[in-house]
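Convention: sequence-line order gives letters A, B, ...; per-chain numbering from 1. Every heavy atom of this structure was used, including side-chain atoms; hydrogens, water molecules and symmetry mates were not.
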2 protein chains.
Amino acid sequence: MSVSKENFIKTIYKLQQGVGQNTRPGTIAAALGISNAAATDMARKLAARGLINYVKYQPVTLTESGRLMALDVLRKHRLWEAFLFEVFGLSMHEIHREAELLEHQTSVFLAEKIDAFLNNPTTDPHGDPIPATDGSVVFSNKNLILSEAPAGATYYVSRLAGSEEEFFDFCRDNKIAIGAQLTVGNRYNAGQTTEIVIEDTKLLLNTDFTNLIYVKQNQ
Amino acid sequence: MSVSKENFIKTIYKLQQGVGQNTRPGTIAAALGISNAAATDMARKLAARGLINYVKYQPVTLTESGRLMALDVLRKHRLWEAFLFEVFGLSMHEIHREAELLEHQTSVFLAEKIDAFLNNPTTDPHGDPIPATDGSVVFSNKNLILSEAPAGATYYVSRLAGSEEEFFDFCRDNKIAIGAQLTVGNRYNAGQTTEIVIEDTKLLLNTDFTNLIYVKQNQ
DNA sequence: CCTTATTATTAAGTATGCTTAAAAATAGAA
DNA sequence: TTCTATTTTTAAGCATACTTAATAATAAGG
């Protein structure tokens with residue numbers, strides 16, 4: 001499997017998980033920074049290999065073996081993130097950037113070594129679940145997405161699901177970190193804008209960010 | 001720079017260092033497991049980029065920038081080897097196999113982190129020197145190649161310059177490890193075969209292996 | 001020195017993963 | 001529902017990194 005194919009499959013998986021996103025060729029193309037034509041082309045190739053279900057003009061979906069492949073790459077990505085964070089103390093953005101490259105050149109053998117070294121972690125430093133070798137993923141059912149978390153309550157940040165440096169910079173500058181306490185205030189603009197209070201500071205966030213931040217009731 | 005180009009440049013560098021080897025297209029092709037035609041093709045492309053000197057029907061040589069690129073890849077390779085050996089306790093063959101993949105996806109940023117974590121090592125677990133960021137390499141002038149080491153004397157193994165699993169298996173099975181003591185005995189077959197004594201066991205090695213083993217007088 | 005064997009090069013062809021441009025299908029708005 | 005805008009697909013083309021087959025040059029042996 002090539003890097004391009006692994007990233008294509010991984011992108012489909014992540015779009016399927018994401019809120020308010022679809023897996024149409026154009027969406028995948030935009031996420032990967034390639035042309036729509038290239039995405040259509042790749043969709044046909046991966047369908048021929050039995051990794052995705054592809055019907056012309058329809059959103060693509062992963063087959064079971066495609067899903068397993070996505071999870072294999074994601075497992076390696078998140079193990080590297082946890083490792084680079086733990087051992088070298090890299091930032092949230094740095095671990096993502098480096099893991100994005102290393103994930104494709106990591107043998108199952110090495111992934112197991114990293115996993116054992118870290119004592120089989122269940123989440124990476126972003127709070128993303130680390131899939132097991134058999135493809136099982138445990139999503140915390142306590143996690144609420146900030147864009148839909150009931151107002152008035154106080155929560156702890158449990159997951160920062162972004163990947164862009166801009167997002168992590170914003171989080172850092174505004175004390176939004178895993179474990180940080182925040183209160184959800186009013187919603188404006190038909191729920192597109194959420195008011196939060198964090199360390200006595202009021203912030204207005206739109207869905208670009210509230211769809212990437214997860215919270216839970218207890219720390 | 002692509003993986004293919006990095007490996008081509010790296011192979012030229014290693015062939016230049018090796019004993020009884022040349023850097024003709026066919027030799028490079030054999031080392032990389034590609035056809036002679038592909039090697040000629042790549043030679044032309046890299047010459048166009050100013051990384052190698054290529055004249056038809058002549059052995060190729062690295063330019064200064066080609067040499068720096070080879071050393072950059074080699075630095076990352078050997079830092080990974082040292083790291084995987086130290087942190088995960090992988091074998092001599094395993095560290096090589098994994099580093100062979102990781103070396104091409106390692107940023108200078110990450111290489112520096114690994115280097116600092118290991119306290120700026122000067123050699124990897126095989127005894128190979130780790131090039132510095134500026135491209136300087138310190139070869140121990142005390143190292144003697146076993147195929148040319150004067151007979152009758154006792155030495156310590158200082159470097160195992162192979163990469164094949166077969167070579168490392170042989171070394172392990174015969175107690176040839178970095179720091180091990182050995183005595184050079186008679187030479188036969190016009191110097192092609194060297195008798196050594198290691199832990200009271202006599203061994204006959206040919207140049208396939210004695211060109212890959214380095215020794216020195218003091219531990 | 002000449003013949004032969006080896007090696008290197010060129011030429012033609014293939015798969016991958018992209019691109020842009022044009023055509024076809026779908027989705028959205030009036 | 002119809003028109004238009006958007007999206008998807010197809011088509012043609014390109015660069016990379018290989019292949020095999022044929023040709024050319026070099027190296028080696030007698």
Between Arg67(B) and Glu64(B), does any side-chain N to carboxylate O distance fall below 4.0 Å?
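Here Arg67(B) pairs with Glu64(B) in a salt bridge, since their nearest N and O are under 4.0 Å apart.
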Any carboxylate oxygen within less than 4.0 angstrom of a Lys/Arg side-chain nitrogen, looking at Arg97(B) and Glu165(B)?
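Judged by the 4.0 Å cut-off on N to carboxylate O distance, Arg97(B) and Glu165(B) do not form a salt bridge.
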Is the shortest side-chain heavy-atom distance between [X] and [Y] below 4.5 Å?
| X | Y | result |
| --- | --- | --- |
| Leu62(A) | Ile9(A) | yes |
| His77(A) | Glu100(A) | yes |
| Arg75(A) | Asp115(A) | yes |
| Thr123(A) | Asp128(A) | no |

Which nucleotide span of DNA chain D, 5' end to 3' end, has atoms closer than 4.0 Å to non-hydrogen atoms of chain B?
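Using the under 4.0 Å cut-off, the span is dT16(D) to dT26(D).
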Atom CG of Asn36(B) and atom P of dA8(C): how far apart are they, to the nearest Å?
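In whole Å, dA8(C) P lies 6 Å from Asn36(B) CG.
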Residues in contact with DNA chain D, drawn from residues 16-26 of chain A - heavy-atom cutoff 4.0 Å
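Within residues 16-26 of chain A, the residues near DNA chain D are Arg24(A), Pro25(A), Gly26(A).
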Check each residue of residues 37-60 of chain B for a non-hydrogen atom within less than 4.0 Å of any atom in DNA chain D, then write out the ones that pass by number, or none.
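Those residues are Ala37(B), Ala38(B), Met42(B), Lys45(B), Arg49(B), Tyr57(B).
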Between Lys76(B) and Glu6(B), does a salt bridge (Lys or Arg N to Asp or Glu O under 4.0 Å) hold up when you go through it step by step?
CA-CA 12 Å; Lys76(B) 289 167 181 171; Glu6(B) 286 185 354; over 6 Å; no
Exercise: identify the closest heavy-atom pair between Thr23(A) and Ile28(A)
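Nearest pair, atom of Thr23(A) first, then Ile28(A): O-CD1, 3.6 Å.
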Check the pair Phe168(B) / His96(B) against ring-ring contact (aromatic ring centres under 6.0 Å, His included), numbers first and verdict last.
CA-CA 10 Å; Phe168(B) 293 121; His96(B) 179 79; 7.1 Å; no
Would one find more than 12 heavy atoms of other residues, nucleotides or ligands at under 6.0 Å from atom CD of Gln105(A)?
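Yes, the 6.0 Å shell around CD holds more than 12 heavy atoms from other groups.
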